Amino acid sequence: MEQNQHIAVIGAGLMGHGIALTMAKAGHTVTITDPTADARATVKQRISDSLGVLGVEGADVQPIIDRITVVEQVADAVGKADVVFEAAPEKMELKQAIFAEIESHVSDSCILASNTSVMPITQIMGGLRLKERALGTHWWNPPHMIPLVEIVKTEWTGIHFADAMQTLLEGAGKTPVMVEKDVPGFIGNRLQHALWREAVSLVENGICDAAAVDTVVKSSFGRRLAVLGPLENADLVGTDLTLDIHENVLFDLEARQGPSPYLSDLVENDKLGMKSGEGFHVWTEEKANEVRTKVGQHLKRLETIL
């Protein structure tokens, strides 16, 4: 894919602003829109702030901001687009309606991508006229700091379009992986929530408290996950040892097909985590902000050592 593509971003919230930032920083022309006037009015300042977090400051900021145009209407955002990234709220009917509108204004060669963490891309894109140019791109939060983007193919996605998206993302400094089948949660969230299911179960069954779970992860295998994936680790210790461990532990792991009642009770009692002051842990605003800051600083440091 050629440099200086015209990229449209639908949605100027947390994910949309990070996608727009990434594409503009890579040298592409970006047009962004959002149905909310405040989101449109503030998106350039939020992008500038996020660039500062990345260490982009001073005279280097303005050229990136100048590549971004904010418009009010979807038609004005996508009319000249080579690629459209949709970053709307996780509501199926809304996403379907957005893509129906987008398709009526773009060229037949324009790639259409939905940013969603769990929703079926096949269902989102099923009503399009040209389904072969549609796919999913699951960016991780914050999208301008997390390298991974999962490219999700549907049964209709053309190889040319998937490969072009991979090239675009690689050129923008991302780490794309191809998800060959459109399954719930794709790759990352299936892995992440398999871990979370067992973590909740340990607390639910009185084996340990939440603090112990988080301490074990952060103080042991979590430290090597950034450089040693689980299957690399299995090869490191040996597939024979891995098999021995599985034969002695898998039978006792949480296998419930639905959500944990413990988790459901937290939600029903408005214990929603940091935003309500209590979830698995008790949170003051100061403690929550401290964790958020620590995560941002950690991600920034990782960029310099990996």
Side-chain angles (χ1 to χ4, degrees), residues 115-121 135-143 145-155 157 159 162-163 165-167 169-170 173-260 262-263 280 291 294-295 297-306:
N115 176 62
T116 175
S117 57
V118 293
M119 298 180 73
I121 305 301
L135 42 76
T137 50
H138 176 212
W139 298 64
W140 287 68
N141 182 28
M145 298 184 76
I146 301 292
L148 180 67
V149 181
E150 294 173 288
I151 302 172
V152 186
K153 294 180 180 179
T154 72
E155 59 185 285
T157 303
I159 293 176
D163 288 347
M165 177 59 73
Q166 181 168 345
T167 299
L169 292 170
E170 287 174 345
K174 307 308 289 183
T175 304
V177 297
M178 203 69 71
V179 184
E180 299 291 345
K181 293 183 179 181
D182 182 15
V183 295
F186 317 132
I187 301 171
N189 266 321
R190 291 174 77 96
L191 294 171
Q192 179 172 239
H193 286 275
L195 172 61
W196 289 16
R197 178 173 64 178
E198 185 60 28
V200 175
S201 179
L202 288 168
V203 176
E204 177 185 355
N205 288 291
I207 296 166
C208 61
D209 61 16
V213 170
D214 291 334
T215 297
V216 165
V217 174
K218 291 185 292 184
S219 300
S220 61
F221 64 86
R223 295 201 167 199
R224 59 184 179 234
L225 280 175
V227 294
L228 188 69
L231 300 183
E232 289 175 322
N233 199 2
D235 278 349
L236 177 66
V237 303
T239 55
D240 51 344
L241 176 57
T242 300
L243 178 60
D244 288 341
I245 294 171
H246 281 195
E247 288 177 338
N248 284 279
V249 74
L250 290 189
F251 76 93
D252 200 44
L253 295 184
E254 182 61 66
R256 181 188 287 122
Q257 293 301 299
S260 162
Y262 186 95
L263 176 60
F280 291 100
V291 170
K294 185 183 295 184
V295 170
Q297 292 173 341
H298 175 69
L299 292 175
K300 185 177 178 181
R301 286 196 298 269
L302 280 178
E303 289 295 308
T304 67
I305 63 176
L306 293 179

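Just so it is clear, the structure is predicted and the values come from calculations on it, not from any experiment. Residues: numbered from 1 along the sequence shown.
For the salt bridge (Lys or Arg N to Asp or Glu O under 4.0 Å) condition, no pair includes a residue of residues 231-243, sequence neighbours left out. Within the structure, ring pair (Phe, Tyr, Trp, His ring centres under 6.0 Å) contacts touching residues 199-219 (residues at least two apart or in different chains) do not occur. Sorted by first and then second residue, the ring pair (Phe, Tyr, Trp, His ring centres under 6.0 Å) pairs with a member in residues 188-207 read His193-Trp196; sequence neighbours excluded.
Closest of all the heavy-atom pairs between Ile151 and Pro176 is CD1-CB, 3.8 Å.
Note that OG1 of Thr175 and CH2 of Trp140 are 13.0 Å apart. Values are rounded to the nearest 0.5 Å. Rounded to the nearest 0.5 angstrom, Thr116 OG1 and His138 NE2 are separated by 7.5 Å. Between the CG atom in Leu202 and the CG atom in Leu253 there is a gap of 8.5 Å [rounded to 0.5 Å].
Listed by chain and number, the residues in a side-chain hydrogen bond (donor to acceptor under 3.5 Å, both in side chains) with Glu247 amount to none (sequence neighbours excluded). Applying the side-chain hydrogen bond (donor to acceptor under 3.5 Å, both in side chains) test to Glu170 and every residue at least two apart in sequence or in another chain returns Gln166. With sequence neighbours left out, the salt bridge (Lys or Arg N to Asp or Glu O under 4.0 Å) criterion links Glu198 to no other residue. Partners of His246 by ring-ring contact (aromatic ring centres under 6.0 Å, His included), not counting sequence neighbours: none found. Qualifying side-chain hydrogen bond (donor to acceptor under 3.5 Å, both in side chains) partners for Lys174, counting only residues two or more places apart in sequence or in other chains: none.
When atom types are taken as modelled, the side chain of Arg197 and the backbone of Arg256 share a donor-acceptor pair closer than 3.5 angstrom.
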Which pairs would a plain distance check flag for residues 178-190, meaning a side-chain donor or acceptor within less than 3.5 Å of a matching protein atom at least two apart in sequence or in another chain?
| residue | atom | partner | partner atom | Å |
| --- | --- | --- | --- | --- |
| Glu180 | OE1 | Lys153 | NZ | 2.9 |
| Asp182 | OD1 | Ile121 | N | 3.4 |
| Asp182 | OD2 | Ile121 | N | 3.0 |
| Asp182 | OD2 | Thr122 | N | 2.6 |
| Asp182 | OD2 | Thr122 | OG1 | 2.7 |
| Asn189 | OD1 | Gln192 | NE2 | 2.9 |
| Asn189 | ND2 | Ser117 | O | 3.2 |
| Arg190 | NH1 | Pro184 | O | 3.0 |

Return a table of donor-acceptor pairs under 3.5 angstrom between the side chains of residues 205-231 and protein atoms on other chains or two or more places apart.
| residue | atom | partner | partner atom | Å |
| --- | --- | --- | --- | --- |
| Asn205 | ND2 | Ser201 | O | 2.9 |
| Asn205 | ND2 | Ser201 | OG | 3.0 |
| Asp209 | OD1 | Ala211 | N | 3.4 |
| Asp209 | OD1 | Ala212 | N | 2.9 |
| Asp214 | OD2 | His281 | NE2 | 2.6 |
| Thr215 | OG1 | Ala211 | O | 2.8 |
| Ser219 | OG | Thr215 | O | 3.0 |
| Ser220 | OG | Val216 | O | 2.4 |
| Arg223 | NE | Lys218 | O | 3.2 |

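With contacts defined as side-chain heavy-atom distances shorter than 4.5 Å, the pair Ile245/Thr242 does not qualify. Between Pro142 and Leu299 there is a side-chain heavy-atom pair separated by less than 4.5 Å.
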